[in-house]
Amino acid sequence: MLIRNHMIENKITAFALIQKPILKSLAVHLSLFSILYLLFHILDIGFVLPSTKTLLKWDALWYYEIKEYGYSYIPNTQNSTAFFPLFPFLWKLLHLNAFGISIVNLILFYTSYYFLASHMTLSFNQSLINLTNPLLVFCWLPYSESIFFLGSTLLLVGLNKSKPNMVIPGLILATLSRSVGVIFIPAIIFTCLITSSHWKNIEMWRKICLYISIIIICTLFVFYIQYLYTNEWFVFFETQKAWYRELRTPTLPFSSRLSDLQVFWIDILALFVALFSVFKICIITYNYLFGSTNRIQMEPIFIFSASYIALMGITSIFFSGVWDEGKGTLLMSLTRFIFATPFFICLLQYLKLEHQKINTILLTIASFIISVLLYGGYKQLDYHESYVRTLLYILNIVFYISL
């Protein structure tokens with residue numbers, strides 16, 4: 001009995017030691033962010049204090065419209081049926097304004113991140129680096145990112161622990177908040193196959209069928225809700241065409257909706273991370289088919305994350321159109337779908353473990369060079385008076401990646 005109590009006490013102590021740096025990183029991040037934001041606002045350099053008016057921008061307006069009036073559909077136009085209902089319905093249920101729901105999203109995000117970081121046993125420095133990811137700000141706004149982050153975290157940790165009772169609610173939350181079914185289904189199949197002892201494992205296929213069924217049921221439920229409001233089936237796909245979301249040949253070089261070079265680098269990085277994941281998945285597949293399965297040492301949490309990011313990159317490249325005449329394919333929202341998720345945090349942790357291996361270094365270099373070329377880095381970028389400035393801009397991104 002004494003031995004058992006001692007073991008329990010040791011586990012509790014170890015758990016507390018793991019949580020302390022993560023809680024500290026959350027506190028430091030929130031404090032620094034708040035102080036700097038207020039400082040920039042006082043100095044009047046373009047930072048305004050958040051309010052109901054300033055928070056209702058871009059996609060937040062679509063979510064607000066669903067919350068207030070439900071779905072509406074006008075053929076051949078951009079409308080609210082492009083968005084999934086979980087977040088706006090939760091917003092409506094809570095009876096909060098834009099500022100209030102942003103606070104709820106912040107709490108959901110911090111809770112989800114705490115759970116993920118605890119599972120991955122991140123140090124204070126690792127945790128703080130993850131939190132400084134600029135795209136995570138979408139988890140603080142009236143967007144669906146925080147609920148998607150929570151659902152995806154449950155999914156990843158559940159896959160890593162082989163606990164369907166965590167995977168299923170994670171799938172439900174993620175699938176009802178974002179249109180990710182087309183990405184999740186192949187990612188789940190691939191992850192289960194790679195991490196299973198044998199492809200004929202009956203239990204594995206039962207889990208795969210269960211998870212796919214959950215995704216399909218949730219997706220069809222969303223389409224049914226939209227049907228109740230619009231009296232039209234599958235209007236989601238028709239609305240996507242108004243955002244140029246349909247299969248087409250990519251036009252090079254790729255473009256950014258926000259052509260400001262202060263933001264353009266994030267688009268390059270998103271493509272870089274997506275290409276790295278594509279190459280990594282190809283290597284894992286090759287080893288699985290033609291090599292020894294013992295050489296595959298990535299945990300399910302890393303394999304699923306790399307699969308999701310790779311598939312998201314491929315989908316964005318081949319299902320996005322040209323928005324501005326004379327420019328290339330616009331990889332709209334690729335940054336949000338990669339960086340504002342727990343999948344990028346997991347991939348970053350994997351890179352930390354593997355960054356000194358020569359194959360990882362070569363893969364990183366190749367992915368970055370190709371990304372820069374696909375975004376037109378072989379020529380002078382917009383707003384640069386010479387190619388020298390473009391080269392310096394690219395080197396600055398390299399320096400950021402190195403750090």
Side-chain angles (χ1 to χ4, degrees), residues 58-59 78 82 133-135 137-138 145 178-180 182-183 240-282 305-341 343-344 347-348 351 362-401:
W58 302 93
D59 289 355
Q78 296 179 359
N133 170 5
L135 270 296
V137 71
F138 284 102
E145 263 74 2
R178 302 290 289 272
S179 54
V180 293
V182 70
I183 303 295
Q240 289 297 310
K241 296 177 182 179
W243 264 279
Y244 303 97
R245 294 288 196 180
E246 54 186 340
L247 181 62
R248 63 183 71 208
T249 303
T251 302
L252 298 176
F254 296 143
S255 63
S256 172
R257 187 68 189 275
L258 298 174
S259 56
D260 187 344
L261 289 172
Q262 292 181 0
V263 179
F264 186 66
W265 65 277
I266 299 180
D267 293 330
I268 294 177
L269 285 181
L271 183 61
F272 155 65
V273 173
L275 288 180
F276 178 91
S277 299
V278 169
F279 295 146
K280 189 64 184 179
I281 291 301
C282 289
S305 296
S307 303
Y308 167 87
I309 294 174
L311 289 165
M312 184 55 65
I314 293 171
T315 303
S316 295
I317 291 173
F318 290 98
F319 283 85
S320 299
V322 176
W323 284 63
D324 301 317
E325 187 176 350
K327 292 190 176 183
T329 299
L330 172 65
L331 304 186
M332 185 177 64
S333 297
L334 180 60
T335 54
R336 284 171 53 196
F337 277 94
I338 290 180
F339 292 136
T341 69
F343 307 114
F344 175 68
L347 185 67
L348 198 63
L351 285 175
L362 293 176
L363 197 60
T364 301
I365 294 173
S367 302
F368 180 74
I369 292 174
I370 295 172
S371 301
V372 170
L373 294 177
L374 289 175
Y375 263 106
Y378 53 84
K379 60 180 178 62
Q380 178 181 323
L381 294 176
D382 293 341
Y383 304 113
H384 282 168
E385 64 275 10
S386 68
Y387 188 59
V388 174
R389 286 290 299 275
T390 297
L391 288 176
L392 290 174
Y393 182 80
I394 294 171
L395 287 174
N396 196 35
I397 302 176
V398 172
F399 180 67
Y400 178 79
I401 295 174

Counterpart residues, ring-ring contact (aromatic ring centres under 6.0 Å, His included), relative to [X] (two or more places apart):
X: F344; value: F339
X: Y378; value: none
X: F138; value: Y143

Quick one: [atom1] on [X] to [atom2] on [Y], what's the gap to the nearest 0.5 Å?
X: F319; Y: I314; atom1: CZ; atom2: CD1; answer: 10.5 Å
X: F272; Y: L374; atom1: CZ; atom2: CG; answer: 13.5 Å
X: T364; Y: I369; atom1: OG1; atom2: CD1; answer: 11.0 Å
X: T390; Y: D382; atom1: OG1; atom2: CG; answer: 9.0 Å
X: S371; Y: I397; atom1: OG; atom2: CD1; answer: 10.0 Å
X: T335; Y: I268; atom1: OG1; atom2: CD1; answer: 12.5 Å

Under the criterion side chain to side chain contact (heavy atoms under 4.5 Å, CB included), I'd like the reasoning laid out for F343 against I338: C-alpha separation, chi angles, the key distance, then a yes or no. CA-CA 7 Å; F343 307 114; I338 290 180; over 6 Å; no
So which heavy atom on [X] is nearest to which on [Y], and how close?
X: V322; Y: D324; result: CG1-O, 3.3 Å
X: A274; Y: I309; result: CA-CG2, 3.8 Å
X: S255; Y: G328; result: OG-O, 3.0 Å
X: A242; Y: Q78; result: O-NE2, 3.4 Å
X: R336; Y: D59; result: NH1-OD2, 2.9 Å
X: L381; Y: G376; result: CD2-O, 3.7 Å

Please lay out, stage by stage, how F337 and L135 fare under the test side chain to side chain contact (heavy atoms under 4.5 Å, CB included). CA-CA 10 Å; F337 277 94; L135 270 296; over 6 Å; no
Would you check if the distance from the ring center of W323 to the ring center of Y244 is below 6.0 Å?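 Yes, the ring centres sit under 6.0 Å apart.
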Would you say the side chain of [Y] lies within less than 4.5 Å of the side chain of [X], judging by non-hydrogen atoms?
X: L269; Y: Y400; answer: yes
X: V273; Y: L348; answer: no
X: S179; Y: Q240; answer: no
X: S367; Y: F279; answer: yes
X: F276; Y: L351; answer: yes

Apply the test side chain to side chain contact (heavy atoms under 4.5 Å, CB included) to residues T341 and R178: give CA-CA distance (whole Å), side-chain angles for both, the deciding distance (0.1 Å), then the verdict. CA-CA 12 Å; T341 69; R178 302 290 289 272; 6.0 Å; no
Kindly say whether [Y] contributes a backbone atom to a donor-acceptor pair with the side chain of [X] at under 3.5 angstrom?
X: S320; Y: L331; answer: no
X: T329; Y: T251; answer: yes
X: Y375; Y: S256; answer: no

Hey, mind stepping through R389 and Q380 against side chain to side chain contact (heavy atoms under 4.5 Å, CB included) and telling me if it holds? CA-CA 8 Å; R389 286 290 299 275; Q380 178 181 323; over 6 Å; no
